[in-house]
Amino acid sequence: MSTPPARKRIHLAAHFPGVNSTTVWSDPRSGSQIDFSSFEHLARTAERGLFDFFFLAEGLRLREHNGRIHDLDVVGRPESITVLNALAAVTDRLGLAGTVNATFNEPYELARRLASLDHLSAGRAAWNVVTSSDAFTGENFRRGGYLDRADRYTRAAEFLATARELWDSWTPDGRPRPFAHDGPQFGIEGEFTVPRSPQGHPVVIQAGDSAEGREFAASAADVIFTRHSTLEAGREFYADVKGRLARYGREPGDLKIMPGVTYVLGDTDAEAQEEAAEIRRLQVSPQNAILALEQIWGRDLSGYDPDGPLPDVDPDPDSALVQGRVRVADPVAVARKWRALSEAKGLSIRQTVIESAGRQSFVGSPATVAAALEEFVATDAADGFILVPHLTPGGLDDFVDRVVPLLQERGVFRTEYAGTTLRAHLGLPEPVWKG
Amino acid sequence: MTSIRTLHLAAELAPGPEGPPVTSAARTVALARLAEAAGLDFLTHDDSFARPGLDALAVLARVAPETRSIGLVPTVTTTHTEPFHVQAAVATLDWVSRGRAGWRIAVSPTGAEARLFGRRPVPPAAELWQEAGEVAEVARKLWDSWEDDAEIRDVATGRFVDRRKLHHVNFQGSTFSVKGPSIVPRPPQGNPVTVVDATRPAARETAAHHADVVLIRAGSAEEAAGLRAELHRAARAHGRDPGQLRVLLSATVDLDTYEGGPGALAELIAGWHGGGAVDGFHLVPAVPERDLARFAADTVTRLRDRGLLRTAYEGTTLRDHLGLVRPAGQYATTGAGA
Ligand SMILES: Cc1cc2nc3c(=O)[nH]c(=O)nc-3n(C[C@H](O)[C@H](O)[C@H](O)COP(=O)(O)O)c2cc1C
């Protein structure tokens, strides 16, 4: 046997379970979504599994449905950067990534908070730059208001560029120098109070899918967190985004593509499939089935029986029923698809939602899942994965115990941390200091 | 024994503004553990957008898992920050420390700080402190916007929370408004402890209205007693119970030059406290590594010998240490949660 060619390494991240129906809270093993012990458990598990980073999402206004606070899913989260600083005390190598909105923050303050995290974690900080914003969320902030799609990224791009100027304002040998930024979005000047941090610049993640979002990522991000989690869609997205890099003088390896994925393990593939079906049933409670339908239809469907047929009426495309969620792009098309599915298989509302909305990305025995993950990365559908467990805080335990060793045997995942910083784990270059 | 009024001690952690900024966690963790072994109520960590060093709330969040009992009180400015973010960060510090968080409210009075944000010129100090008071008020509303028992996990009805126990705060201040509710569930202490440094007169009204702990400076026990009485009067005028207000004398301590050394300092602390001038002291060590260590080794031992200072923490939260009640939520419906 000849030596196989070097295999593309997989990068792994752990997403703390979110505030949507993916997270199952009715399971007796489901623990607190807010106690520090839950964050500590998941972070320590991720570090035991030699993961690249731990990831926290953000939402700046509680979701509302039909003018009332949405009550069916897990809700209530701590503020990301503060939790990550605390986690820096109970982990040594694990990267610590927080989602922070570029619309409702100011560059000076956020650059300072991120540089502080990078110092306090000795080089493990990452910032997921999101831009989602609407007047609904704006009601919690001084700045209020609303930025339309194009302007959101204009602000985000200048925000990040300004933050980089601040991170570069101290010389590598520790001398502060005054900065001045005068742009369309921000006009600021003074002295940055934080010396250059261990990574130079924290790792920058982008999560957004529009053409503007992809372009922003290609120009400025180190990692993309994407929803494209099937082989076909993944390869298309991967090629598209990597194809945009050359324009900015960047190499394909400079931007890592990491889809958010779910998984279910079993001793056999059949057992895993059974378990996956049971989890989907738990994720889609009867109440959640009606709600999922209302999110597509944009109408009050509370009178419908979840075990009965789908509504005859069409979606209301201009509905303001749902607030605080990413919008469904084409509700009429989704409704048509769901109706066809329901008619073809004779499914009720709840069964239709379970069938169409809740598929896990990777289901099978540890060997099956390990092989599938490797195939994704080997065939350029991804550079790695952000795993989203369905249980807090133990949902990653089985993956780390059973899948990570197989990935290591296959030679596609690290057997120890080679470096100390998140940049080192991701194989990213040091940012060039711009004096 | 119990008739002796509890002496409250706190200390500042931040290095002096001269010298290079401290960026590693190790120094701060070591100091915090020293203060915790000495049984201090809490640590403050100063901060401003204009002083070299890391974000204070970040530093104390990093310290939290490496300590067990001591209260953690970062300085948080209310001038250029978003009240919604600030309250969420303080609530989160309370979660990660399991009920040991406070915040020392500050304002950013300089033009240099305003230019770091480029959003508005600096208003006069009185307006800044009025705004700081509004931020304290909205923070309390947001902390209370989740009732303690809002999370129900009711499988039968599919509901994770009881939405009747989550509240929009609809706050309208003079420079900002906030809809609410918070994104963070009500923190362990209900309301983390609010500290106001009222050594400057401009802050005094806000302190009397909103602070749980007020820091003052005074040249004599009589002056301190006068200030304390004045703060009690002003608090009462705001409808507050002065018994829920702690007044600490903030003093720079340089044990290298202090006449008589740690023993004389113990005398002074015991004397002022025993005479009722103050509820305790907030020490600002000239050189934290040196002065905090000496204070813990010598002064604390003498105060313990006099029975003035705890030898072990009895409670687990900062409110416990300070003898402050855990406040009921302002939106809590009567009988709810009983
Ligand atoms: C995988 C993924 C995760 C996201 N996570 C968050 C989040 O935690 N908080 C948030 O405010 N927005 C989040 N977003 C929203 C994006 O930041 C972005 O605003 C949204 O996708 C719309 O941008 P686009 O028009 O470029 O798609 C996420 C988006 C994606 C694709």
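FYI, side chains are in, hydrogens and waters are out, and symmetry mates aren't considered; it's all heavy atoms of this structure. By convention in this document, chain letters (A, B, ...) are assigned in the order of the sequence lines, proteins followed by strands, and residues within each chain are numbered from 1.
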Select, from B/E82, B/E66, B/R159, the one with the greatest count of heavy-atom pairs under 4.5 Å involving chain A.
-> B/E82
Using non-hydrogen atoms and a 4.5 Å limit, figure out which bit of A/S30 sits close to chain B: side chain, backbone, both or neither.
-> both
Tested for side-chain contact (heavy atoms from CB on, under 4.5 Å) against B/W95, the lone hit among A/I34, A/V83, A/T82 is A/I34
Where does B/V59 contact chain A at under 4.5 Å (heavy atoms): side chain, backbone, both or neither?
-> both
Closest contact, heavy atoms only, B/P21 versus A/W170 | CG-CH2, 3.9 Å
Report yes or no: does A/E189 contribute a side-chain atom to a donor-acceptor pair with the main-chain N or O of B/R115 at less than 3.5 Å?
-> no
Of the backbone (N, CA, C, O) and the side chain (C-beta and beyond), which part of A/V74 lies under 4.5 Å from a heavy atom of chain B, both, or neither?
-> both
Is there a donor-acceptor contact under 3.5 Å linking the side chains of A/E64 and B/H168?
-> yes
Top residue by heavy-atom pair count (under 4.5 Å) with chain B, among A/G190, A/S80, A/A115, A/A89?
-> A/A89
Which answer fits B/R164, side chain, backbone, both or neither, if we ask what part of it has an atom under 4.5 Å from a heavy atom of chain A?
-> neither
Is any side-chain heavy atom of B/H85 less than 4.5 Å from a side-chain heavy atom of A/E109?
-> no
Options B/S24, B/S97, B/A89, ranked by heavy-atom pairs under 4.5 Å with chain A, top entry = B/A89
Quick one: closest heavy-atom pair of A/V75 and B/W146, and the distance?
-> O-CH2, 3.5 Å
Would a 4.5 Å heavy-atom cut-off, applied to side chains only, mark A/Q33 and B/F160 as touching?
-> yes
Distance from B/F84 atom CZ to A/E139 atom CD, nearest 0.5 Å?
-> 11.5 Å
B/I152, B/T92, B/T28: which one forms the most heavy-atom pairs within less than 4.5 Å of chain A?
-> B/T92
So what's closer than 4.5 Å to chain B heavy atoms on A/H181: side chain, backbone, both or neither?
-> neither
Between B/D162 and A/D71, is any pair of side-chain heavy atoms under 4.5 Å apart?
-> no
Side-chain contact test, heavy atoms from C-beta onward, threshold under 4.5 Å: evaluate it for A/E40 versus B/P65 and give yes or no.
-> no
Can you find a heavy atom in the side chain of B/P83 that is under 4.5 Å from one in the side chain of A/R142?
-> yes
Measuring heavy-atom distances to chain B, does A/L117 have an atom under 4.5 Å in its side chain, in its backbone, in both, or in neither?
-> neither
B/H80 vs A/E106 side-chain heavy atoms within contact, under 4.5 Å = no
Does any non-hydrogen side-chain atom of A/R112 lie less than 4.5 Å from one of B/D47?
-> yes
A/L60 versus chain B, the contacting section by heavy-atom distance below 4.5 Å = both
Among B/T23, B/V155, B/L142, which has the most heavy-atom pairs under 4.5 Å with chain A?
-> B/T23
Using non-hydrogen atoms only, which part of A/D73 is less than 4.5 Å away from chain B: side chain, backbone, both, or neither?
-> backbone
In terms of heavy-atom proximity below 4.5 Å to chain B, should A/I69 be classed as side chain, backbone, both, or neither?
-> both
Roughly how far, to the nearest 0.5 Å, is CG of A/N85 from CG of B/D55?
-> 7.5 Å
Per-residue tally against chain B (heavy atom, under 4.5 Å) across A/N288, A/L166, A/N105 peaks at A/N105
Is the count of non-hydrogen atoms from other residues, nucleotides or ligands lying under 6.0 Å from B/R68 atom CZ greater than 12?
-> no
Which distance, rounded to the nearest 0.5 Å, do you find between the OG of A/S32 and the CD of B/E151?
-> 6.5 Å
Under 4.5 Å from a heavy atom of chain A, the part of B/L116 involved | both
Contacting region of B/E113 [heavy-atom separation from chain A under 4.5 Å] | neither
Side chain, backbone, both or neither of A/F192 within contact of chain B (heavy atoms, under 4.5 Å) = neither
Pair count under 4.5 Å, heavy atoms only, with chain A: among B/A88, B/A58, B/G118, highest is B/A58
Given A/R61, A/E79, A/E191, the one with more heavy-atom pairs under 4.5 angstrom with chain B than any other is A/E79
Who among A/V194, A/L120, A/I188 has the most heavy-atom pairs with chain B under 4.5 Å?
-> A/L120
Using non-hydrogen atoms and a 4.5 Å limit, figure out which bit of A/S37 sits close to chain B: side chain, backbone, both or neither.
-> both
Quick one: are A/P78 and B/V96 in side-chain contact, heavy atoms under 4.5 Å?
-> no
Does any heavy atom of chain A fall under 4.5 Å from the side chain of B/A101, the backbone, both, or neither of them?
-> neither
Would you find a donor on one side and an acceptor on the other, under 3.5 Å apart, between the side chain of A/T193 and the backbone of B/A50?
-> no
When heavy-atom pairs shorter than 4.5 Å are enumerated against chain A, which of B/V178, B/V184, B/I183 gives the highest number?
-> B/I183
OG on B/S182 to CG on A/N140, rounded to 0.5 Å = 8.5 Å
Assign the ring pair A/Y108 / B/F49 to parallel, tilted or perpendicular, where the plane angle (0 to 90°) is split at 30° and 60°.
-> perpendicular
